[in-house]
Amino acid sequence: LPAGLDPVMTRWNAAVFAEDNWHLRDNFTATLGLRYDQNQRYGSHFTPRLYGVWDVSQSLIVKGGMSGGYKVPQLKQADDNIIEPAGGGRGWDMGNTSLKPEESTNYEIGAVWMSDLGFQLGVTAYHTRFRNKIDRERICEDPIGLTCMGRQYIAQYVNRDAAELNGVEVTLDFPIRDVDVSLNYT
């Protein structure tokens with residue numbers, strides 16, 4: 001351990017979450033939620049959630065909503081003095097004191113169809129936009145390891161300005177005698 005480096009790191013985080021279901025009609029429920037985070041280093045942040053479920057019929061449900069996401073960097077990600085082995089020892093991952101919390105806004109809409117025989121088919125489309133997405137970026141590469149402190153590479157945690165994630169999830173559930181089978185593809 002280098003001189004003057006304190007191996008003990010601490011940081012406190014507290015959070016509270018509230019959520020309530022509102023039955024606006026016999027066949028429609030809205031879910032409202034709010035999370036409050038307080039972090040010793042990154043301060044406070046509110047994250048909302050709004051979701052709706054519509055029972056269109058006995059066999060069809062339509063659902064969708066939006067929610068926020070908030071993730072503070074892990075201790076190992078948020079300190080320049082932390083370097084950990086990576087890539088089976090070929091490289092190092094290095095912390096970054098300048099990291100900001102990652103934020104996201106998530107949207108999804110989907111439907112679930114249920115048959116009288118116990119079959120259930122679901123399709124959900126989603127879109128997520130990230131701000132300050134936490135990622136890694138190689139800051140040194142050397143296949144021989146002469147210039148990267150004896151490793152083939154050094155990667156440092158960084159924030160990406162923006163990123164998007166889009167997709168579709170399909171689920172199929174059905175019974176075979178006493179066994180319930182669940183299939184999922186994203």
Item to complete: Side-chain contact test, heavy atoms from C-beta onward, threshold under 4.5 Å: evaluate it for Ser44 versus Gln38 and give yes or no.
Response: yes
Worksheet item: Would you say Arg136 and Asp93 make side-chain contact, with heavy atoms under 4.5 Å?
Response: yes
Item to complete: Tell me whether the guanidinium CZ or amine NZ of Arg35 lies under 6.0 angstrom from the six-membered ring centre of Phe17 and within 45° of its axis.
Response: no
Discussion item. How about CG on Asp116, more than 12 heavy atoms from neighbouring residues, nucleotides or ligands closer than 6.0 Å, or not?
Written reply: no
Practice prompt. Examine Tyr36 and Leu34 and state if one hydrophobic cluster contains both, with Ile, Leu, Val, Met, Phe, Trp and Tyr joined whenever side-chain heavy atoms are less than 4.5 Å apart.
Written response: yes
Fill in: ILVMFWY cluster, Phe28 and Leu32 together (side-chain gap under 4.5 Å)
yes
Fill in: From CA spacing to verdict: side-chain contact (heavy atoms from CB on, under 4.5 Å), Arg49, Thr31
CA-CA 8 Å; Arg49 179 174 189 264; Thr31 302; 3.2 Å; yes
Worksheet item: Looking only at heavy atoms, which two atoms of Thr128 and Ser104 are closest? And how far apart?
Response: CG2-CB, 3.9 Å
Worksheet item: Shared ILVMFWY cluster between Phe46 and Met66, side chains joined below 4.5 angstrom?
Response: no
Item to complete: Measure from the side-chain N and O atoms of Asp135 to the backbone N and O of Arg160, and report whether any donor-acceptor pair falls under 3.5 Å.
Response: no
Worksheet item: For Asn184, does the CG atom sit with more than 12 other heavy atoms under 6.0 Å from it, leaving out its own atoms?
Response: yes
Practice prompt. Begin from the C-alpha positions of Leu165 and Tyr126 and carry the test side-chain contact (heavy atoms from CB on, under 4.5 Å) through to its verdict.
Written response: CA-CA 8 Å; Leu165 179 64; Tyr126 57 88; 4.2 Å; yes
Discussion item. Rounded to the nearest 0.5 Å, what separates atom OH in Tyr153 from atom CH2 in Trp92?
Written reply: 12.0 Å
Discussion item. Determine whether Thr124 and Ile109 satisfy the following criterion, side-chain contact (heavy atoms from CB on, under 4.5 Å), listing intermediate values before the conclusion.
Written reply: CA-CA 6 Å; Thr124 302; Ile109 187 161; over 6 Å; no
Practice prompt. Decide whether Asn21 and Thr29 meet the rule of one side-chain donor and one side-chain acceptor closer than 3.5 Å.
Written response: no
Discussion item. How close do Arg41 and Ala78 get, counting heavy atoms only, and between which atoms?
Written reply: NH1-O, 2.9 Å
Worksheet entry | Minimum heavy-atom distance Asn159-Ser98, with the two atoms named | OD1-O, 4.1 Å
Worksheet item: Side chains of Asp79 and Thr97: do they bring a donor and an acceptor to under 3.5 Å?
Response: no
Discussion item. Check this for me: Trp22, atom CH2, are more than 12 non-hydrogen atoms of other residues, nucleotides or ligands nearer than 6.0 Å?
Written reply: no
Worksheet entry | The single option from Glu164, Glu103, Glu102 passing salt bridge (charged side-chain N to carboxylate O under 4.0 Å, His left out) against Lys133 | Glu102
Worksheet entry | From CD (Gln77) to CG (Asn96), nearest 0.5 Å | 10.0 Å
Worksheet item: If we ignore angles and hydrogens, is there a donor and acceptor under 3.5 Å between the side chains of Asn166 and His127?
Response: yes
Discussion item. Within this structure, what is the CD1-SG distance for the pair Ile154 and Cys148, rounded to the nearest 0.5 Å?
Written reply: 5.0 Å
Give the table of side-chain donor-acceptor pairs shorter than 3.5 Å for residues 51-65, with sequence neighbours excluded, one pair per line with atom names and distance.
{"from": "Tyr51", "atom 1": "OH", "to": "Glu108", "atom 2": "OE2", "distance (Å)": "2.6"}
{"from": "Ser57", "atom 1": "OG", "to": "Ser59", "atom 2": "N", "distance (Å)": "3.3"}
{"from": "Ser57", "atom 1": "OG", "to": "Leu60", "atom 2": "N", "distance (Å)": "3.2"}

Worksheet item: So how far is it from Phe174 CZ to Leu121 CG, rounded to the nearest 0.5 Å?
Response: 11.5 Å
Worksheet entry | In one Ile/Leu/Val/Met/Phe/Trp/Tyr side-chain cluster, 4.5 Å: Leu183, Tyr185 | no
Worksheet entry | Reported CG-to-CG distance for the pair Asp80 and Leu99, which is rounded to 0.5 angstrom | 9.0 Å
Response to the item:
Smallest heavy-atom separation, Ile134 atom then Lys71 atom, equals CD1-O, 4.3 Å
Worksheet item: Is it the case that one hydrophobic cluster holds both Tyr42 and Trp12, taking links as side-chain heavy atoms less than 4.5 Å apart, direct or via other members?
Response: no
Worksheet entry | Side-chain ion pair, Arg131 and Asp161, N-O less than 4.0 Å | no
Discussion item. Let me confirm one number: the CD1-NZ distance from Ile83 to Lys76, rounded to the nearest 0.5 Å.
Written reply: 13.5 Å
Worksheet item: Does atom CG of Leu146 have more than 12 heavy-atom neighbours, drawn from other residues, nucleotides or ligands, at distances under 6.0 Å?
Response: yes
Practice prompt. Search all heavy atoms of Gly95 against all heavy atoms of Tyr157 and return the closest pair with its distance.
Written response: CA-CD1, 4.1 Å
Practice prompt. Quick one: do Asp173 and Met114 satisfy side-chain contact (heavy atoms from CB on, under 4.5 Å)? Show the steps, please.
Written response: CA-CA 9 Å; Asp173 300 295; Met114 298 159 289; over 6 Å; no
Worksheet entry | Check: Asp142 side chain, Thr147 main-chain N or O, donor-acceptor pair, under 3.5 Å | yes
